[in-house]
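Everything below concerns the one structure shown next.
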Amino acid sequence: MSEPRINDRIRVPEVRLVGPNGEQVGIVRVEDALRLADEAGLDLVEVAPTARPPVCKLMDFGKFKYESDMKAREARKNQSNTILKEIRFRLKIDPHDYGTKKGHVERFLKAGDKVKVMIMFRGREQSRPEMGFRLLQRLAEDVSDLGSVESSPRQDGRNMVMVIGPHKKKAEAKAEDRRRKEADAAGTAEVAAADESAATAS
């Protein structure tokens, strides 16, 4: 977005002026608006250039720009950049392999990412979709404390697909992870200090 025109860059004969507290001043000549801005120690900022006449407001443009930048940065920081992770299961999966893959799903959900779980049917397994459905339901129940089913199991050619979404947003998960790391670091520092004082005492 391009920056608004301010002060001498506003080249129109008259403007609809808005005061610093949002009060409507009315339509004034641009010279008068600039004089009022100068007297108040503020800038004349064009806030609606397409209006006829353009709408201008008296404000501290530097402060306004700083606050806008901070809001934009905060919005970007809190944006949930959720990634769709994919994990594949075989219909006849052994318990150890199931545990490993379930661990991956839990890790993804803890990080605030969605997980697309896919069961691949081979050969005659395609005639047993209910077994795939049961396996996906079991997985959904096993990870229900971290996420919930967003897209129920559905047949997609030779595969059956389900999407699980995290309970926590990406930004929340990141903040929690950062807090945990800081707490761990503080705990390690305390232990090190205790060891040092014990060593000095002896």
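Computed from a prediction, not measured in an experiment: that's the story for all the values here.
When every heavy atom of V25 is checked against every heavy atom of G19, the shortest pair comes out as CG2-N, 3.9 Å. Considering all non-hydrogen atoms of both residues, V28 and A33 come closest at CG2-CB, 3.9 Å. G132 and F121 make their closest contact through CA-CZ, 4.1 Å (heavy atoms, listed as atom of the first residue, atom of the second, distance).
The pair K71-E67 does not count as a salt bridge, with every side-chain nitrogen at least 4.0 angstrom from each carboxylate oxygen. Ion pairing between R9 and E46 fails under the 4.0 Å rule for side-chain N and carboxylate O. At a threshold of 4.0 Å, the pair D38-R35 does not count as salt-bridged, since none of the basic side-chain nitrogens sits closer than that to a carboxylate oxygen.
In this structure, the side chain of E23 engages the main chain of N21 through a donor-acceptor pair within 3.5 Å. Of the possible donor and acceptor atoms, one in the side chain of D94 sits under 3.5 Å from a partner among the backbone N and O of H96. The backbone N or O of F61 lies less than 3.5 Å from a partner atom in the side chain of D43, making a donor-acceptor pair.
The CG atom of N159 lies 7.0 Å from the CE atom of M120; values are rounded to the nearest 0.5 Å. Of the inter-residue distances, the one linking L42 atom CG with I6 atom CD1 reads 11.5 Å to the nearest 0.5 angstrom. One distance of note links CE of M118 with CE of M160; it measures 12.0 Å at 0.5 Å rounding. In this structure, CG on L91 lies 9.5 Å from CZ on R122, to the nearest 0.5 angstrom. In this structure, CD1 on I93 lies 8.5 Å from CD1 on I119, to the nearest 0.5 angstrom. Distance CG/D113 to CD1/I164: 13.0 Å, rounded to 0.5 Å.
At a threshold of 4.5 Å between non-hydrogen side-chain atoms, the residues E125 and K92 count as touching. Side-chain contact check for P53 versus V12: every heavy-atom pair is 4.5 Å or farther apart. Residues S151 and V161 are not in side-chain contact: their nearest non-hydrogen atoms beyond the backbone lie 4.5 Å or more apart. Within the 4.5 Å cutoff, the side chain of L44 has heavy atoms near those of the L58 side chain.
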Pairs under 3.5 angstrom only: tabulate donor-acceptor contacts from the side chains of residues 136-149 to other protein residues two or more places apart or in another chain.
residue: D142; atom: OD2; partner: Y98; partner atom: OH; Å: 2.7
residue: S144; atom: OG; partner: E141; partner atom: O; Å: 3.0

Worked check of salt bridge (Lys or Arg N to Asp or Glu O under 4.0 Å) between E3 and K65: CA-CA 9 Å; E3 277 195 6; K65 195 167 181 306; 3.3 Å; yes
Verdict with supporting geometry, V47 and V18, side-chain contact (heavy atoms from CB on, under 4.5 Å): CA-CA 10 Å; V47 291; V18 178; 5.8 Å; no
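For E86, the salt bridge (Lys or Arg N to Asp or Glu O under 4.0 Å) criterion is met by R88, K116, not counting sequence neighbours.
With H104 as the fixed residue, the side-chain hydrogen bond (donor to acceptor under 3.5 Å, both in side chains) test singles out one of E106, K101, R107: R107.
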